[in-house]
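Just below is one structure, and these are the notes that go with it.
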Amino acid sequence: MRLSQSFYRTLKEISKDAQIPSHQLMFRAGMIQQLSSGIYNYLPLALRSIRKIENIIREELDSRGCEEVLMPAVVPADLWQETGRWDLYGDLLLRFKDRKGNDYCMAPTHEEVITDMVRRNLKSWKQLPWNLYQIQGKFRDEFRPRYGLMRGREFIMKDAYSFDLDEDGARRSYWQMYEAYTAIFSRCGVQFRAVDAATGEIGGDMSHEFQVLASSGEDLILSCKSCDYAANIEKATTPRIQLTPDESTFEVVETVDTPGQKTIVEVSSFLGTDPSGFLKSLVYEADSKPVVVLIAGNRDVNESKLQAFLGAGTLRLASDSMVEKTIGILPGYVGPVGLPPEIPVIADLSVGSGINWISGANEADKHIRNVNLGRDFNPSRILDIAFAAAGDTCPRCDEGRLEEHRGIEVGQVFYLGTKYSKLMDCSYLDENGDARPAEMGCYGIGVGRTMAAAIEQNHDENGIIWPVPIAPWEVVVLPLQLNDEAVADTAETIYEGFRLAGIDTVIDDRNERAGFKFKDADLIGYPVQVVLGSRSVAAGKAEVKFRASGEKTEIPLDDVVVTIRDWILERRLGGS
RNA sequence: CGGAAUGUAGCCCAGCGGCUAGGGCACCUGCUUUGGGAGCAGGAGAUCGGAGGUUCGAGUCCUCUCAUUCCGACCA
């Protein structure tokens, strides 16, 4: 590519809307343009990197027996109604009508479409397993798009779906994809960590996220310093706690007046106690039915864990009026003692860690002291439903402490089971002629986000430092004095040599000053700069600068193409 | 959904109710320069997000609206 003919343009200034390095650099390097909130044009440089990431994905998946398909972005509502997600998915799903008034959506994910596609073809046990994937634009009407391509509304995603005969097969498919993802992200040149993850609304019971570690990440990861445990905070389990308190230490229950004091902070400050001695009592609505949740005052309820345990389609804190109607008292004074017997009570493990709790009295302006598990209240279940936190004991090795990191989720793998295949009747006949639903898994990679995450991890004050496997271009040839015929001719010869050698090369043949070209080359982040100036060309040398190390070296003009070609080829396939 | 801020040339930003709306970057012309985003001179480019209103006079004040960005979102 000749820069004199290229569409691209770099900028010196950044928009104040660009908050993080990857967004700022993509903006300055002329890789993306914002068209609307969370919606971007991908300009040539960005698309070249994206295509390379896509091809790495294709190579790793195809070599593992996956097949690529392409499904529509616009999907009729009836498929989504079959699984109930038309109603459950909420505002993230962009819905609209066609000219005939029929409902459609922009697909945010494709479980319904792929399951429909597969059920039309699937007949016999002899056909499975299948693993189908696509790379395609998705649309999710995010409540808060931000950070450029990091959280867009329209974004490029690779989504794959596996169909197996049984659970064993599905788990094999799952771990095969886990390995594929490890290979893919290694090749893309990002530092990442696979962590235990929550499954969320998509369903299923096993999931890992691939998190690129970066301070700008939106996700919180907890990992053990002593063992290999790592989990998203949405999923991380809290420390095991002993549940047999000594009843001889229980004190007598006592009611205290706490006029106007409702929150834990207010009451604990009013009573001069620490929030950790407080038993927090929350009323949730799970599928519109009330549930009381008890938890230590210094812990927070992890609603995704709670929802998973309850198996509820929807879960939210009950409104004040709902609490008053079902419990008979306003929030702030709810407690575990004397609740209506028909309301289920679920306690977090932390409730077993303390004695002589302070709680609401189920009476206005009153709390009670010395409330104890077993003597004063008996929850129907005691479960791990709290957020783990940095400093907790590791739930796996019981030795190390958890520490907190920020991560960018670039991929996630799910074991789905038969949730979709049952709801949509995607089944096959087994050896006995019995119909059985396929066991499914689904697997996503945010392609644009992977590119952004790579920039987030690989840049300096001068610009991007592309890992070779995903660099838009591998080499830039920089003739510094175009009016020097020897320089211009040599540059053309070397440029052509790289092209013939199959190296992705640009020549900066713009009539610009040297400094201008250097700044641009550093900003764009070409892994190798081949600099040709009058002096060095006259001496029969090219100056070569490696962007990542900053190392500069001189190479005889006759050798430069071969030497740099070999350097590129060694790195083109990336890590692992 | 709640709160806040911002919309002025392709990009980044100034602009006190008062004359013909400024600057930097980028762009065009000429001269000069030519190894880390050069200099000088000249030039083109804006219905100041949109609609109403107040006023002798509105980019500036008021109302509505649209858009973008940031913070927060039930913890009793």
Side-chain angles (χ1 to χ4, degrees), chain A residues 9-20 23-24 27-28 30 33-39 90-91 143-148 151 153 258 260-268 275 278-285 292-303 306 315-324 326-327 329-336 348 350 358-367 385-387 461-463 478-484 487 508 510-524 529 531-537 543 545 550 552:
Chain A
R9 161 149 307 148
T10 55
L11 301 170
K12 287 183 188 173
E13 286 158 314
I14 58 173
S15 164
K16 65 174 186 296
D17 289 346
Q19 300 285 316
I20 61 171
H23 188 189
Q24 293 169 350
F27 179 81
R28 280 192 60 208
Q33 287 174 338
Q34 182 169 352
L35 199 58
S36 180
S37 179
I39 299 178
D91 290 337
F143 68 102
R144 194 163 161 206
R146 58 176 155 181
Y147 297 156
R151 182 169 294 281
R153 292 196 293 170
T258 51
Q261 315 293 312
K262 300 179 76 169
T263 68
I264 284 182
V265 172
E266 287 166 3
V267 179
S268 54
F278 213 98
L279 191 61
K280 189 153 61 177
S281 310
L282 307 170
V283 184
Y284 278 90
E285 280 182 64
V292 171
V293 173
L294 306 175
I295 188 168
N298 60 341
R299 292 261 174 194
D300 291 324
V301 172
N302 181 334
E303 293 181 3
L306 178 60
L315 179 76
R316 62 172 183 216
L317 275 170
S319 64
D320 285 9
S321 57
M322 177 75 177
V323 174
E324 192 168 26
T326 53
I327 311 289
I329 188 70
L330 278 172
Y333 303 104
V334 176
D348 177 61
S350 59
I358 301 169
S359 79
N362 292 324
E363 198 177 332
D365 296 331
K366 288 188 196 308
H367 283 74
I385 49 172
F387 277 109
E461 65 279 9
N462 294 316
L478 296 171
L480 299 185
Q481 297 87 13
L482 287 173
N483 53 2
D484 179 334
V487 168
D508 193 347
R510 298 172 300 175
N511 191 19
E512 295 287 354
R513 296 159 60 89
F516 188 93
K517 295 186 181 184
F518 289 141
K519 289 288 187 188
D520 249 15
D522 286 347
L523 174 61
I524 301 295
Q529 300 172 12
V531 180
L532 299 167
S534 295
R535 285 191 295 275
S536 57
V537 168
E543 298 164 47
K545 176 178 163 186
K552 293 177 185 172

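To find a chain, count down the sequence lines: A is the first, B the second, and so on, and within it residues start at 1. Predicted model only: the values in this text are computed from it and were never measured.
Taking the C1' atoms as reference points, B:A4 lies 28 Å from B:A21, given to the whole Å. For B:U60 and B:G18, the C1' atoms lie 11 Å apart once the distance is rounded to whole Å. Nucleotides B:G42 and B:U32, compared at atom C1', are 15 Å apart to the nearest Å. Comparing the P positions of B:C28 and B:G45 gives a spacing of 16 Å, expressed to the nearest Å. Taking the P atom of each, B:C12 and B:C31 are spaced 33 Å apart, rounded to whole Å. Comparing the P positions of B:C40 and B:U33 gives an interatomic distance of 15 Å, to the nearest angstrom. A distance of about 31 Å separates the C1' atoms of B:U63 and B:U20, rounded to the whole Å.
Rounded to whole angstrom, the span from the CD atom of A:Q24 across to the P atom of B:U69 amounts to 15 Å. Distance A:D300 CG to B:A73 P: 11 Å, rounded to the nearest Å. The distance from atom CD of A:E13 to atom P of B:C25 is 9 Å, rounded to the nearest whole Å. Spacing between atom CD of A:Q19 and atom C1' of B:C70 amounts to 7 Å, rounded to whole angstrom units. Computed from coordinates, the A:R316 CZ to B:C75 P distance equals 15 Å when rounded to whole Å. If you take NZ of A:K280 and P of B:C74, they are 11 Å apart, rounded to a whole angstrom. In this structure, the CZ atom of A:R146 is 11 Å from the C1' atom of B:G72, given to the nearest Å.
Using a 4.0 Å cut-off between charged side-chain N and carboxylate O, A:K517 and A:E512 make no salt bridge.
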>> For a quick check, with a 4.0 angstrom heavy-atom cut-off, what is the B/S/- contact string for nucleotides 32-44 of chain B, read 5' to 3'?
In response: -BSBBBB------

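Between the A:K280 side chain and the A:R299 main chain, a donor and an acceptor come within less than 3.5 Å of each other. A:S319 places a side-chain N or O within donor-acceptor distance of the main-chain N or O of A:M322, the cut-off being under 3.5 Å.
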>> Could you write out RNA chain B as dot-bracket? Rules: Watson-Crick or G-U wobble, both distances under 3.5 Å, brackets [ ] for crossings, | for pairs with another strand, dot for unpaired.
In response: (((((((..((((....[...)))).(((((.......))))).....(((((..]....))))))))))))....

Dump every N/O contact between nucleotides 66-68 of chain B and the protein below 3.5 Å, one line per pair.
unit_1: B:U68; atom_1: OP1; unit_2: A:S36; atom_2: OG; d: 2.9
unit_1: B:U68; atom_1: OP1; unit_2: A:S37; atom_2: N; d: 3.0
unit_1: B:U68; atom_1: O3'; unit_2: A:Q34; atom_2: NE2; d: 3.2
unit_1: B:U68; atom_1: O2'; unit_2: A:D17; atom_2: OD2; d: 3.3

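Donor-acceptor pairing under 3.5 Å is recorded for the side chains of A:D365 and A:Y333. Using modelled atom types and a 3.5 Å distance limit, the side chains of A:D522 and A:Q529 yield a donor-acceptor pair.
Taking all atoms of both residues into account, the shortest heavy-atom contact from A:H367 to A:I358 is CB-CG2, 4.4 Å.
Comparing A:Y333 and A:F143 against RNA chain B, the residue whose closest nucleotide sits nearer the 5' end is A:F143.
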